[in-house]
Every structure is written in C-alpha cells, then in structure tokens.
Colleague: 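What follows is a structure written as structure tokens; I'll ask about it next.
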Amino acid sequence: MLFELVIAGALVVLYGAFWAWHSQGAGKLTQAEIDQYLAIIEKLPLPEKGVQAFTARLRAWAEADDGKPVYMFNLIHFFPRVRMFPGAPEFKGTPEEANAHYEKGLIWLWLSHASYPTFIGTPQARNLINIQPERTWGNMTVVRYPSRRTFLKLISHPTYAPLAPYKFIAVDLDLVPVSTGLVVPDLRWLVGGGFAIVFLLVGWLHSTLLG
C-alpha cells in the first residue's frame, strides 16, 4: 500500500509541474508589456512594409487581451522560389526547405514557452469552393499558445530574430488568432480512455468488496 501511495504522490507532483508549465504566461497583458514587446518586434529583420503592418495589427490584438489561451492558424502559401529582402540571410534551398528550417528552429522556443502545434496538415486539393481571388495553400498549421503574452514574448525572444527571415523569404502567410473553443481529440482515444477507466474502477471495486 505504501508503494502505491508513493507512486500516486509522485504522479500528482509531476502533473502539478506539468500544469504549471502548461499555464505559464497566463493573465492579461499590461500596456507597458505591450510597448516593451512591440519595440523589439519592430526591429525584426522582416520586409519593411510587412513588419509595419504586422506590428500595427499586433498592437490592436494585444490591447484587446482577454488573458486566455490562443490558437494561431497559419495558412501558408509557398512562393515558387525564395524571395530575398534587405537583411534576409542567403539561402540556396527551396521555400519549403526554408520554412522547415524556421520551424525546426522554433521547437525549443515553442516548448520553453508551453506552446506547441496541435495540427499540421497539407491540402489534398485546391479550394473546393471557387472564392475569388483564389489562393493556393501549401500547408496549414495550428499552434496553441497559453496567452497573447506568450506569443509576444516568444517572437520578441532573442532566439527568434535570426529565424524569422527564413519564414518570410519562403511564404505568404495568413496568421489568424482564434479564441479557445471546443477542442475534440480523436474519439478513439476518448473511448479507449473511458473503457480503461471503467476497467480499473471495476477492478478496484471488485477487489475492495471481495477482499
């Protein structure tokens, strides 16, 4: 019995640590924080006109912070070839390779900020509804951030600046922040987990009543 209690206690502690990591950065941004982060983001090595428009929209979004987690939808259109701009690194590969380099470099930043992709997919076909002007998508990625603060903190991190140009020489990007709504995991895991809980509960009740 003591062994089981020790294991249970250890698991509770580990889950508490995981919960704390997953919730880091929660809470509403202050105006001082927004100004501090945007002052750094404005200096990112991105296309000049692009970064000005980006920071203007980013400020409005940050100032409307509700303190809740954010799901960032990345709708990606790959250029036919990399497009260089002043301050961008020399890169001889394809746009897909440049974007892969960017995402690989983000892994540590994502995890250190309790952020991670929840979905990455490649379109099977062109848009099935003919909406003009039509755009073709090469990839769609959804990334979960604990808060708007976390997103600003991540893209103003010193490690992010050398990575950012690899994204923007490779793609046109629609970046859409979405509030947390209903998130349904794969139903196979839900049903399997439910059956496992029922099995363990029945086993515990059986051993308790008979033992």
Colleague: Do the non-hydrogen side-chain atoms of Thr55 and Leu44 ever get within less than 4.5 Å of each other?
Modeller: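 They are not in side-chain contact.
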Colleague: Which pair of non-hydrogen atoms, one from Ala62 and one from Leu152, has the smallest distance, and what is that distance?
Modeller: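 Between these two residues, the closest heavy atoms are CB-CD1, 3.8 Å.
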Colleague: Quick one: does any side-chain atom of Asn74 pair with a main-chain N or O of Thr141 as donor and acceptor, under 3.5 Å?
Modeller: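 Such a contact is found between Asn74 side chain and Thr141 backbone.
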Colleague: How far does CG of Asn139 sit from CZ of Phe78, to the nearest 0.5 angstrom?
Modeller: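 Spacing of CG (Asn139) from CZ (Phe78) equals 5.5 Å.
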Colleague: Quick check: Tyr15 with His22 (ring centres under 6.0 Å apart)?
Modeller: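 Centroid distance His22-Tyr15: not below 6.0 Å, so no.
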Colleague: Specify the closest pair of heavy atoms between Lys28 and Asp65, including all atoms of both residues, with the distance to one decimal.
Modeller: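 That closest heavy-atom pairing would be CA-OD2, 3.2 Å.
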Colleague: Could you tell me whether the side chain of Ser115 and the main chain of His113 form a donor-acceptor pair under 3.5 Å?
Modeller: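 Flag set: sc Ser115 to bb His113 pair under 3.5 Å.
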Colleague: Counting distance only, does the side-chain N/O of Arg149 pair as donor-acceptor with the main-chain N or O of Gly27 below 3.5 Å?
Modeller: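 Yes; at least one donor-acceptor contact below 3.5 Å.
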Colleague: More than 12 heavy atoms of other residues, nucleotides or ligands under 6.0 Å from CD of Gln31: yes or no?
Modeller: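 More than 12 within 6.0 Å, yes.
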Colleague: Is the ring pair Trp108/His157 parallel, tilted or perpendicular, if the boundaries are 30 and 60 degrees?
Modeller: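 Plane angle over 60°, so perpendicular.
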Colleague: With rounding to the nearest 0.5 angstrom, report the CG to CZ distance, Leu163 to Phe168.
Modeller: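 Rounded to the nearest 0.5 Å, the CG-CZ separation comes out at 12.0 Å.
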Colleague: Could you measure the distance from the CH2 atom of Trp137 to the CG atom of Asp174? Nearest 0.5 Å is fine.
Modeller: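 So the CH2 of Trp137 and the CG of Asp174 are separated by 4.0 Å.
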Colleague: Taking all atoms of both residues into account, what is the closest heavy-atom pair of Tyr37 and Ser156, and its distance?
Modeller: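 Reported closest heavy-atom pair: CD2-OG, 3.2 Å.
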Colleague: Measuring from atom CD1 of Ile76 to atom CG of Asn99, what distance do you get when rounded to the nearest 0.5 angstrom?
Modeller: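 These two atoms lie 5.0 Å from each other.
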Colleague: Hydrophobic cluster membership, with links at side-chain heavy-atom distances under 4.5 Å among I/L/V/M/F/W/Y: are Leu173 and Met84 in one?
Modeller: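 Same cluster.
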Colleague: If you round to the nearest 0.5 Å, how far is OH of Tyr166 from CD of Glu97?
Modeller: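 Glu97 atom CD to Tyr166 atom OH measures 12.5 Å (nearest 0.5 Å).
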Colleague: Show me the pairs that pass salt bridge (charged side-chain N to carboxylate O under 4.0 Å, His left out) and involve residues 187-197, at least two apart or across chains.
Modeller: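 Non-adjacent pairs meeting salt bridge (charged side-chain N to carboxylate O under 4.0 Å, His left out): Asp186-Arg188.
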Colleague: Without swapping roles, check the side chain of Gln24 against the backbone of Trp21 for a donor-acceptor pair under 3.5 Å.
Modeller: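 A pair under 3.5 Å: yes.
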Colleague: Treating Arg148 as the side-chain partner and Trp61 as the backbone partner, does any N or O pair qualify as donor plus acceptor under 3.5 Å?
Modeller: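 Here the side-chain-to-backbone pair exists.
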Colleague: Apply side-chain contact (heavy atoms from CB on, under 4.5 Å) to the pair Val51 and Glu42, showing each step before the final yes or no.
Modeller: CA-CA 6 Å; Val51 74; Glu42 287 171 351; 5.5 Å; no
Colleague: Taking Tyr145 as the starting point, is it possible to reach Ile40 by hopping between hydrophobic residues whose side chains are less than 4.5 Å apart?
Modeller: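 No: no chain of side-chain contacts under 4.5 Å links Ile40 to Tyr145.
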Colleague: Are Val70 and Phe151 packed together at the side-chain level, in the sense that at least one heavy-atom pair is separated by less than 4.5 angstrom?
Modeller: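 Heavy-atom side-chain distance check fails, nothing below 4.5 Å.
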Colleague: Work out which heavy atom in Tyr102 is nearest to a heavy atom in Ala164; give both atom names and the distance.
Modeller: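 Looks like CE1-CA, 4.1 Å.
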Colleague: In terms of hydrophobic clustering (I, L, V, M, F, W, Y; side-chain heavy atoms under 4.5 Å; direct or indirect links), are Val178 and Leu175 co-clustered?
Modeller: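 The answer is no; the residues belong to distinct hydrophobic clusters.
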Colleague: For Phe85 and Pro45, which heavy atoms make the closest approach, and how far apart are they?
Modeller: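 Reported closest heavy-atom pair: CE1-O, 3.3 Å.
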Colleague: Is Ser112 reaching over with its side chain to a backbone N or O of Leu109, donor-acceptor style, under 3.5 angstrom?
Modeller: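 Yes.
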Colleague: Would you give the length of the straight line joining atom CG of Leu29 to atom CG of Asp35, rounded to the nearest 0.5 angstrom?
Modeller: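 Answer rounded to 0.5 Å: 10.5 Å.
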Colleague: Is there a continuous path of hydrophobic side-chain contacts, each under 4.5 Å between heavy atoms, that joins Tyr160 to Ile34?
Modeller: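 Looking at the clustering, Ile34 is in the same group as Tyr160.
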Colleague: Of Tyr116, Tyr71, Trp110, which is the lone residue that meets side-chain contact (heavy atoms from CB on, under 4.5 Å) with Val143?
Modeller: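 Answer after filtering Tyr116, Tyr71, Trp110: Trp110.
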Colleague: Is there side-chain contact between Ser179 and Lys68, with heavy atoms separated by less than 4.5 Å?
Modeller: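 Answer no - side chains too far apart.
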Colleague: Surrounding CZ of Arg135 (heavy atoms of other residues, nucleotides or ligands, distance under 6.0 Å), is the total greater than 12?
Modeller: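 Yes, CZ of Arg135 has more than 12 neighbouring heavy atoms, counting only those of other groups under 6.0 Å.
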Colleague: Between Gly25 and Ser147, which heavy-atom pair has the shortest distance, and what is it?
Modeller: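 Taking Gly25 first and Ser147 second, the nearest heavy atoms are O-OG, 2.5 Å.
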